[in-house]
Amino acid sequence: MNTKFPDGFMYRPEYFSRAGQQSLMDAVTEAVRGDAPFFQGRMPRTGQAISVVGSNFGPLGWVADIDGYRYAPTHPKTGEAWPPMPQMLLDIWDDLTNYPAPPEACLINWYREGNKMGMHVDRDEQDVNAPIVSISLGDPSRYRLGGQTRGGKTFSLKLSSGDVVVLASEARKCYHGIDKIFYGQSTLVPKGGRINLTLRRVNRV
Ligand code: MD6
Ligand code: FE
């Protein structure tokens with residue numbers, strides 16, 4: 001057993017074949033060309049722009065603005081409902097989690113050259129015990145996972161296109177972030193960079 005991984009951390013390298021990655025990328029491209037264009041969130045209180053732009057699939061979408069972080073049924077700019085969750089995403093949720101209900105939100109984050117994500121814990125969900133399934137597409141990245149308190153010991157993992165990480169049970173409460181993107185190494189994302197899809201259950205069953 002590898003003790004450096006917290007309980008509930010699952011890493012599934014190459015879960016998606018190149019064809020599977022392409023199908024997911026096509027679904028993202030269609031969504032952001034239509035009713036769900038990428039938008040730039042802002043940090044609550046300070047209003048500072050978040051460099052990584054985002055969008056969502058599903059009945060709910062994660063949004064960040066000056067008033068806070070929350071899940072909303074519509075896009076903050078277009079006012080339209082988010083595009084439906086692609087079947088492939090419902091399928092991976094069933095394959096990798098035992099959660100008794102489907103995910104309600106899939107956050108689509110697009111990292112461009114030089115973008116990173118600071119260490120954080122996802123806790124805007126009503127059911128903070130529901131697992132989160134995270135899919136990487138496009139350029140590789142360096143993912144960092146720490147413990148349940150800020151500033152403790154961390155380890156890093158290189159995530160490549162098609163790799164999947166699940167944070168469940170104890171790992172769900174652990175700090176994590178993206179140190180860097182290895183920009184320009186993949187041709188999957190039409191405009192370059194990395195796409196991260198995170199599947200979330202928001203409401204308790
Ligand atoms: C990323 N991932 O891979 C950032 N959150 O771009 C996350 O923030 C994340 O990988 C919750 C669960 C799994 C994750
Ligand atoms: Fe996260």
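When a ligand or atom number is given, it counts from 1 through the structure's own listing order.
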- Task: Run down the list Asp163, Val164, Ile132, Ile135 and name the one with the heavy atom closest to atom 12 (C) of ligand 1.
- Result: Ile132
- Examine the side chains of Tyr71 and Asp124 and answer whether a donor and an acceptor come within less than 3.5 Å of each other. no
- Query: Would you say Ile178 contacts ligand 1, with heavy atoms under 4.0 Å as the rule?
  - Reply: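 For ligand 1, residue contact (heavy atoms, under 4.0 Å) with Ile178 is present.
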- Message: Please confirm whether Arg172 approaches ligand 1 to less than 4.0 Å, judged on its heavy atoms.
- Response: no
- Message: So which atom in Ser161 and which in Gln21 form the shortest heavy-atom distance, rounded to 0.1 Å?
- Response: OG-OE1, 2.7 Å
- Message: Minimum heavy-atom separation for Val121 and Lys173, please, with both atom names.
- Response: CG2-O, 3.7 Å
- Query: Which of the N/O/S atoms in Asp122 sits closest to the Fe ion (ligand 2)?
  - Reply: OD1
- Give the intermediate values and the outcome of side chain to side chain donor-acceptor pair (under 3.5 Å) for residues Arg142 and Ser156. CA-CA 6 Å; Arg142 193 162 67 225; Ser156 70; 4.6 Å; no
Among all protein heavy atoms in this structure, tell me which lies nearest to [atom], with the distance rounded to 0.1 Å.
atom	result
atom 3 (O) of ligand 1	Arg194 NH2, 2.9 Å
atom 6 (O) of ligand 1	Tyr111 OH, 2.5 Å
atom 5 (N) of ligand 1	His176 NE2, 2.8 Å
atom 14 (C) of ligand 1	Tyr143 OH, 3.4 Å

- Answer with side chain, backbone, both or neither: which part of Asn196 has a heavy atom less than 4.0 angstrom from an atom of ligand 1?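 It is the side chain that touches ligand 1; the backbone stays farther off.
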- Metal site angle (apex the Fe ion (ligand 2)), NE2 from His120 and NE2 from His176, 10 degrees: 90°
- Min N/O separation His120 to ligand 1 under 3.5 Å: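 By distance alone, the answer is yes.
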- Taking distance alone, with no angle check, do Ser134 and ligand 1 share an N/O pair under 3.5 Å?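 Yes: some nitrogen or oxygen of Ser134 is under 3.5 Å from one in ligand 1.
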